[in-house]
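Note on naming: letters A, B, ... go to the chains in the order of the sequence lines (proteins, then strands), and numbering restarts at 1 for each one. We use all heavy atoms of the structure for the numbers below, so side chains are in, but hydrogens, waters and symmetry mates are not.
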Amino acid sequence: MPRITLPDGSVREYAEAVSGAQIAASIGPGLAKAALGVKVNGELSDLNRVIDRDAKVAIVTEKSRDGQLDADALYLLRHSAAHVMAEAIQRLKPGTQLVYGPPVDNGFYYDMRFPEGGGLSSDEFAEVEKIMAEIIKENRPFCRYDMPVDEGMKKLQSEGSKYKLDNAEKAIEAGSDRLSFYATGQPGKDWEDLCRGPHVPSTGRIGAFKVMSLASSYWHGDENSDRLTRVYGTAFANQKDLDHHLKMLDEARKRDHRVIGKQLHLISLNEDVGTGLVLWLPNGAVIRRELEEFLRKARSERGFVWVNTPHIGKLNLYRTSGHFPYYADSQFPPLVDPETLSASLLAHGGGCACGDLANAMASPEVDGFLLKPMNCPHHIKIYEAQQHSYRDLPVRLAEFGTVYRYEQSGECHGMTRVRGFTQDDSHIFCTPDQLSREIDIDIELARMVLAEIGLNDYRVRVGLRDPSSSKYVGSAENWELAEKVCIESAKGMGVPMTMEPGEAAFYGPKIDFVAKDSIGREWQLGTVQVDYNLPERFGLNYIGADNEKHRPIMIHCAPFGSLERFIGILIEHFAGDFPLWLSPEQVRILMISEKFADYAAKVKAAIDAAGGFRARIDDSPERLQAKIRRATEEKTPYMLIVGGKDAEAGTVSIRHRTEGDIGSVPLDQFVEMLREEVSSHGRSTVLSAVRDS
RNA sequence: GCCACCGUAGCUCAGUGGUAGAGCACUCCCUUGGUAAGGGAGAGGUCAUGGGUUCAAGUCCCAUCGGUGGCUCCA
């Protein structure tokens with residue numbers, strides 16, 4: 001007599017074991033029709049799974065109760081669509097072997113091995129989709145059946161797929177005592193696949209799908225293993241959601257910061273300078289400078305002091321910090337002392353001794369310099385430059401510090417993944433008593449930054465150690481302590497929080513801010529990291545009230561992360577329509593004809609006299625329409641159109657880059673509105689002020 | 001780093017073995033105008049680089065460099 005507890009807390013009793021479908025039907029016919037699967041005590045299952053004991057049960061439908069697309073429903077739909085796609089491709093390309101086909105963030109993929117010379121081309125997607133549509137139209141049920149391990153292995157051996165056998169072996173290693181299969185239709189007759197499930201009840205429930213792209217992959221992700229073709233697809237409960245998803249992808253393409261960055265002359269990437277090295281053009285440099293000045297002020301108000309450090313440091317510094325040689329693969333090779341270099345060359349008759357040199361670098365006797373991969377070691381040396389009393393603490397150091405990391409060539413991407421970048425870095429050195437308050441200061445700063453930029457939809461992610469990895473430095477006790485403090489601080493923020501093992505920095509846990517941009521994509525931005533380990537490695541201390549030496553705790557904080565990445569993300573978030581305070585050019589003055597050049601100059605002089613604005617006169621011989629078009633394409637927030645009428649009345653006619661003509665106001669009034677929009681960071685705008693007046 | 005695709009004027013791109021093209025941008029001339037392209041003329045290219053095949057290569061082959069997508073990675 002199972003007692004079933006539903007998500008709203010209500011309890012239903014059933015006389016005998018029931019399936020998810022029966023529970024749904026007993027609640028209502030609408031739910032029975034909408035049900036895609038069932039969650040039993042948190043475990044996602046097929047809708048027809050039989051429940052024979054007391055359990056918490058939730059019926060999975062396409063939308064969760066808050067009206068959002070339900071993640072479990074998408075999982076079921078996509079996993080099921082992967083089977084349908086695999087069947088379609090196997091029908092189109094006989095002899096194709098299947099490897100592994102899971103749902104992923106925005107859809108699903110299936111790794112496949114095509115027969116010699118029989119690969120799939122993206123031109124054939126339409127054919128695949130056509131077959132998929134047929135399978136879906138047939139509305140065949142997904143039928144699960146399982147068998148003991150030895151029987152299942154025999155079945156797979158007879159089918160001869162080494163990949164599926166491997167999957168089964170993996171499942172057995174993980175402790176499965178039975179192997180399950182899913183037939184799309186009737187077992188033994190229709191297409192089937194070794195699969196853990198679960199699936200939607202039948203193919204007809206896959207409302208909308210699309211085969212997206214091809215990529216290559218390796219078996220087990222190992223480049224020495226078999227090369228596979230990964231076919232990506234996506235699926236949704238209905239066409240509307242799929243269309244929305246495709247529109248978002250299109251929107252994301254249009255917002256690509258590499259394209260807009262070029263169009264608006266913000267940055268340049270030049271192969272002669274090097275992969276992953278950003279050149280800031282004058283327009284991009286304006287945005288960067290505004291953000292730097294904004295943060296400089298905010299930090300100074302919070303008791304940070306500014307320091308500067310060089311771009312390189314001796315190897316021993318990074319041996320102490322733990323950066324070298326442990327992360328040698330992701331660093332530029334060390335710069336060697338001239339003496340070391342010549343000695344090494346002499347010893348080898350002037351020939352190349354790179355290998356020997358590399359070996360020598362790994363030993364502590366040989367020194368050289370490293371382009372700094374992080375700023376912390378330098379800041380630690382600044383802390384060490386004086387003796388500290390507990391009365392001095394906390395010491396809050398800040399710097400826009402440029403660091404260099406040797407990202408693999410395939411990893412560099414526009415501004416968001418680069419080899420040289422400037423962190424808005426800070427390090428707080430404090431006593432254990434001060435730790436919680438200092439973390440709060442950093443968290444408040446990071447939240448203020450997001451609010452001023454207008455990124456108000458974010459969550460925090462607490463990055464914890466991966467217990468199975470050995471890449472971390474420091475004692476287990478320190479890690480536990482630091483993780484505890486981070487979790488508590490993050491909990492106190494009142495925003496959604498996740499904890500993710502394996503996401504910690506190598507020296508300590510971190511609190512990352514993950515913000516959603518204007519089209520719903522998530523980006524990791526600022527970060528606050530607690531660190532007991534570097535102070536330990538460097539033997540830092542302060543003199544306590546007891547006249548004894550104590551170890552300070554460090555907090556690393558970078559609200560932007562890096563300026564390159566942050567601005568790259570902002571370009572995509574705003575699609576180039578930067579808020580006025582960040583816009584490279586804020587106002588463009590367009591005169592109707594050269595006859596009004598004097599008035600245009602007067603307008604510009606009035607704006608310049610107000611101080612701190614970026615305005616320009618377009619004095620090209622073009623017609624007004626052409627000037628408007630150009631200023632709009634260049635995303636200048638406000639165009640001031642001036643002609644005889646304006647000169648006479650002392651007004652400016654304002655055109656907004658996206659709203660068009662918004663009317664005219666007296667010149668001095670416009671300047672005041674402009675000042676208000678810049679200083680309020682867009683909370684009040686010229687646009688709204690003109691419309692309200 | 002691995003796999004695939006790509007590299008033609010400042011930018012976006014066409015050109016599939018037979019005399020290097022278009023639009024925009026640029027320079028000059030005409031046009032002086034009220035809310036997203038006025039007209040005309042001109043200049044601009046060792047077709048990424050280096051080899052090879054061919055009577056003939058932007059085009060086919062190889063290598064190198066660079067880019068894009070994906071994999072792996074991301075302190």
Side-chain angles (χ1 to χ4, degrees), chain A residues 109 111 119 121-122 212-232 253 256 258-259 262-263 265 268-276 318 321-324 326-331 372-377 403 405-414 416-419 423 463 471-473 502-508 510 524 527 529 531 533-534 556 561 565 590-597 620-634 639-647 653-664:
Chain A
Y109 66 81
D111 278 345
S121 136
S122 51
M212 301 294 290
S213 60
L214 293 171
S216 75
S217 65
Y218 300 100
W219 196 26
H220 300 155
D222 173 5
E223 66 185 62
N224 298 312
S225 190
D226 294 3
R227 206 145 51 73
L228 307 171
T229 302
R230 178 166 297 183
V231 189
Y232 280 92
R253 259 192 297 277
D256 190 323
R258 294 165 303 179
V259 175
K262 195 186 269 189
Q263 276 168 355
H265 309 293
S268 173
L269 298 166
N270 180 287
E271 67 175 83
D272 292 333
V273 175
T275 299
Y318 303 103
S321 71
H323 291 102
F324 188 84
Y326 306 111
Y327 287 93
D329 286 351
S330 47
Q331 288 159 0
K372 67 179 173 187
M374 290 189 105
N375 299 302
C376 3
V403 299
R405 300 180 188 178
Y406 193 79
E407 299 290 348
Q408 295 181 50
S409 64
E411 297 310 325
C412 293
H413 180 85
T416 55
R417 197 75 188 274
V418 291
R419 284 179 170 171
Q423 295 180 317
K471 73 169 186 175
Y472 305 103
V473 298
E503 288 292 316
F506 82 95
Y507 49 75
K510 55 182 187 171
Q524 187 205 307
T527 176
Q529 311 181 357
D531 184 358
N533 288 311
L534 287 179
H556 311 243
R565 190 177 140 79
L590 314 180
M591 52 193 149
I592 278 160
S593 89
E594 277 170 27
K595 280 189 286 198
F596 307 108
S620 66
E622 237 94 34
R623 292 179 57 195
L624 180 63
Q625 284 90 329
K627 292 182 190 178
I628 287 172
R629 181 183 157 93
R630 188 162 55 208
T632 307
E633 280 178 343
E634 290 170 6
M639 286 159 256
L640 298 184
I641 288 154
V642 295
K645 284 181 255 172
D646 303 284
S653 298
I654 309 166
R655 188 182 165 96
H656 184 268
R657 65 184 159 198
T658 57
E659 300 298 311
D661 186 1
I662 59 172
S664 54

Grab the [atom1]-[atom2] distance between [X] and [N] for me, whole Å please.
X	N	atom1	atom2	answer
A:Lys510	B:C74	NZ	P	11 Å
A:Asp272	B:A48	CG	P	16 Å
A:Arg253	B:U68	CZ	P	16 Å
A:Gln263	B:U12	CD	C1'	10 Å
A:Asn270	B:G10	CG	P	14 Å
A:Arg419	B:C73	CZ	P	18 Å

Among B:C74, B:G67, B:U12, the one nearest A:Lys262 by side-chain distance:
B:U12
Which nucleotide in the list B:C74, B:G69, B:G66 gets nearest to the side chain of A:Arg258?
B:G69
Name the pairing partner of B:G10, where a pair is Watson-Crick or G-U wobble with both distances under 3.5 Å, or state none.
B:C24
Expressed as a whole number of Å, how far does the [atom1] atom of [N] sit from that of [M]?
N	M	atom1	value
B:C60	B:C24	P	30 Å
B:C6	B:G44	P	31 Å
B:G17	B:C26	P	37 Å
B:U46	B:C29	P	28 Å
B:G67	B:U12	P	15 Å
B:A20	B:U64	C1'	25 Å

Check the orientation of A:His323 and A:Tyr318. Use parallel for under 30°, tilted for 30 to 60°, and perpendicular for over 60°.
perpendicular
Looking at B:C71, does its base get a donor-acceptor pair with the side chain of A:Gln408 below 3.5 Å?
no
I'd like to know if A:Arg417 reaches the base of B:C73 with its side chain, counting only an N/O donor and acceptor under 3.5 Å.
yes
For a 4.5 angstrom cut-off between non-hydrogen side-chain atoms, does A:Lys645 reach A:Ser664?
no
Under the rule for side chain to side chain donor-acceptor pair (under 3.5 Å), what residues qualify as partners of A:Arg629, not counting sequence neighbours?
A:Glu633
Establish, with yes or no, whether the OP1 or OP2 oxygen of B:G69 is under 4.0 angstrom from a side-chain nitrogen or oxygen of A:His413.
yes
How does each nucleotide of nucleotides 27-40 of chain B score, in 5' to 3' order, for protein heavy atoms under 4.0 Å: base (B), sugar-phosphate only (S), or none (-)?
-----BBBBBBB--
